[in-house]
Structure formats: C-alpha cells, structure tokens
Amino acid sequence: RSSPSFTLSSSSAASDVYKRQGWMCVVERSTMRSGVGSSARYEMSQKIMRKIIDEKKELAEIMDELTGLSDVRSTAGAMGILTGGHLQRKEAYNHGLVFALAPFLSDKDKYWDCLLYTSPSPRDS
C-alpha cells in the first residue's frame with residue numbers, strides 16, 4: 001500500500017517549498033517482518049499546493065482539472081505531468097517498492113540484523 005506525503009520546508013532565503021513523495025510498506029504476514037521504501041521526493045508547485053490547502057482539493061482532482069485529462073493518477077500521475085513525461089508515476093513508485101522489498105530480496109542474516117529492520121522487535125516483548 002502506498003501513501004503520498006507532503007513536507008513543508010522553509011528558509012529565510014526562500015518562501016515555503018512543498019515536497020512530495022510516496023511511501024510503500026511491505027509486511028510478511030507470517031513473521032510480521034517489514035520493509036519501507038519511498039519514491040523520489042520532488043518539489044510540488046506552489047500553484048498546486050494553494051489549491052490543496054485553500055480549496056481542500058485532492059492532488060488527483062487538481063491534476064485532472066489543470067491537464068483537462070481524466071484519471072491522471074492512474075497514468076502519468078502528477079510526477080509525469082510535472083516532469084513533462086520524463087518520469088512517470090509508475091516508474092518512480094517502482095523504486096520505492098524495490099527499496100521496501102530490500103529486506104526480503106537480500107541476505108537477511110548478512111545484512112538485516114539491526115533491530116530497526118526486524119518486526120516484531122525483541123524490544124516489544
């Protein structure tokens with residue numbers, strides 16, 4: 001399951017800058033072991049963010065309105081539109097999914113002995 005997020009960054013040199021990324025979490029049901037990954041993070045246009053904040057609209061609805069297309073989220077996504085088609089949503093999310101699967105794709109005993117990457121944690125007992 002993936003979940004988009006927005007992060008607000010501020011500095012005295014620039015006005016508010018919003019960044020967006022998608023998060024993925026993979027859980028092995030039998031052991032509850034999990035892995036987390038994310039898509040690349042990119043700056044979201046302030047024009048779009050004003051509509052999200054002021055008009056309480058979802059990103060998908062705004063992208064459909066601005067592009068005149070229907071269901072942009074299922075095709076190029078905002079990432080694809082804002083990069084002029086150079087990076088589609090699916091491609092960016094694939095990287096996050098591979099990162100979330102990393103604990104399952106690599107040698108568990110050799111690389112994943114840190115408590116942060118085992119669930120449930122021995123600290124939970």
Side-chain angles (χ1 to χ4, degrees):
R1 185 168 186 212
S2 64
S3 168
S5 65
F6 292 94
T7 305
L8 171 63
S9 301
S10 292
S11 73
S12 57
S15 59
D16 293 341
V17 176
Y18 291 88
K19 297 185 172 114
R20 184 180 189 289
Q21 69 199 73
W23 289 95
M24 296 102 218
C25 180
V26 175
V27 178
E28 183 177 49
R29 289 184 184 184
S30 62
T31 65
M32 296 308 292
R33 194 166 55 113
S34 63
V36 176
S38 73
S39 66
R41 188 159 77 161
Y42 63 97
E43 183 177 343
M44 180 55 70
S45 124
Q46 288 195 12
K47 181 176 187 172
I48 293 171
M49 286 307 302
R50 280 194 299 274
K51 290 179 175 287
I52 290 171
I53 295 168
D54 298 340
E55 299 175 26
K56 310 273 190 264
K57 290 184 175 181
E58 289 191 24
L59 178 59
E61 179 183 0
I62 295 164
M63 296 310 295
D64 286 355
E65 287 174 7
L66 291 174
T67 62
L69 301 172
S70 177
D71 199 23
V72 169
R73 81 166 91 200
S74 295
T75 55
M79 292 176 189
I81 300 299
L82 296 175
T83 63
H86 290 277
L87 182 63
Q88 303 294 307
R89 177 181 192 267
K90 182 178 177 181
E91 294 167 354
Y93 274 58
N94 280 343
H95 290 109
L97 182 57
V98 171
F99 287 134
L101 287 167
F104 307 97
L105 298 174
S106 59
D107 186 323
K108 176 179 75 166
D109 296 325
K110 188 172 184 179
Y111 301 111
W112 300 99
D113 61 353
C114 175
L115 292 178
L116 295 174
Y117 297 104
T118 58
S119 182
S121 168
R123 295 173 292 183
D124 296 337
S125 319

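Note that the structure is a prediction, hence the values are computed from the model and not measured.
- Side-chain atoms of Glu91 come within 3.5 Å of backbone atoms of Gln88 as a donor-acceptor pair (strictly under, hydrogens ignored).
- A salt bridge links Lys57 to Glu65: at least one charged side-chain nitrogen sits closer than 4.0 Å to a carboxylate oxygen.
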Next item on the list: Determine, stepwise, if the pair Tyr18 / Ile53 fulfils side-chain contact (heavy atoms from CB on, under 4.5 Å).
Entry: CA-CA 11 Å; Tyr18 291 88; Ile53 295 168; 3.3 Å; yes

Next item on the list: Kindly indicate, with the supporting measurements, whether the criterion side-chain contact (heavy atoms from CB on, under 4.5 Å) is fulfilled by Val17 and Met44.
Entry: CA-CA 7 Å; Val17 176; Met44 180 55 70; over 6 Å; no

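- We find that Arg33 and Glu28 are joined by a salt bridge, their nearest charged nitrogen and carboxylate oxygen being less than 4.0 Å apart.
- Applying the side chain to side chain donor-acceptor pair (under 3.5 Å) test to residues at least two apart or on different chains, none of the pairs has a partner in residues 75-87.
- For the atom pair CZ (Arg73) and CD1 (Ile81), the distance works out to 13.5 Å, reported to the nearest 0.5 Å.
- Between Leu97 and Met24, the closest heavy-atom pair is N-SD, 3.5 Å.
- Counting all heavy atoms, side chain and backbone alike, Met79 lies closest to Ala92 at SD-CB, 3.2 Å.
- Nearest heavy atoms, Gly35 versus Pro103: CA-CG, 3.9 Å.
- Counting all heavy atoms, side chain and backbone alike, Val72 lies closest to Asp64 at N-OD1, 2.9 Å.
- Residues Val98 and Leu105 come closest through the heavy atom pair O-CD1, 4.3 Å.
- A cation-pi arrangement is found for Arg89 relative to Tyr93, the charged atom lying closer than 6.0 Å to the ring centre and inside a 45° cone about the ring normal.
- Sparse packing is recorded around CZ of Phe99, with 12 or fewer heavy atoms of other residues, nucleotides or ligands lying under 6.0 Å away.
- Contact of the Arg20 side chain with the Tyr42 side chain is registered, since non-hydrogen atoms from C-beta on lie closer than 4.5 Å.
- The structure places OG of Ser74 at 12.0 Å from CG of Leu69, a figure rounded to the nearest 0.5 Å.
- Here the NZ-OG distance, from Lys90 to Ser39, works out to 15.5 Å after rounding to the nearest 0.5 Å.
- Counting heavy atoms from C-beta outward, Ile62 and Glu58 have side chains that stay 4.5 Å or more apart.
- Nearest heavy-atom pair, Val27 versus Ser34, reported as atom, atom and distance to 0.1 Å: CG2-CB, 4.0 Å.
- Leu87 and Ile48 end up in different hydrophobic clusters when Ile, Leu, Val, Met, Phe, Trp and Tyr side chains are linked at under 4.5 Å.
- The CG atom of Leu66 lies 10.5 Å from the CD atom of Glu61; values are rounded to the nearest 0.5 Å.
- No side-chain donor-acceptor contact under 3.5 Å links Ser38 to the backbone of Gly96.
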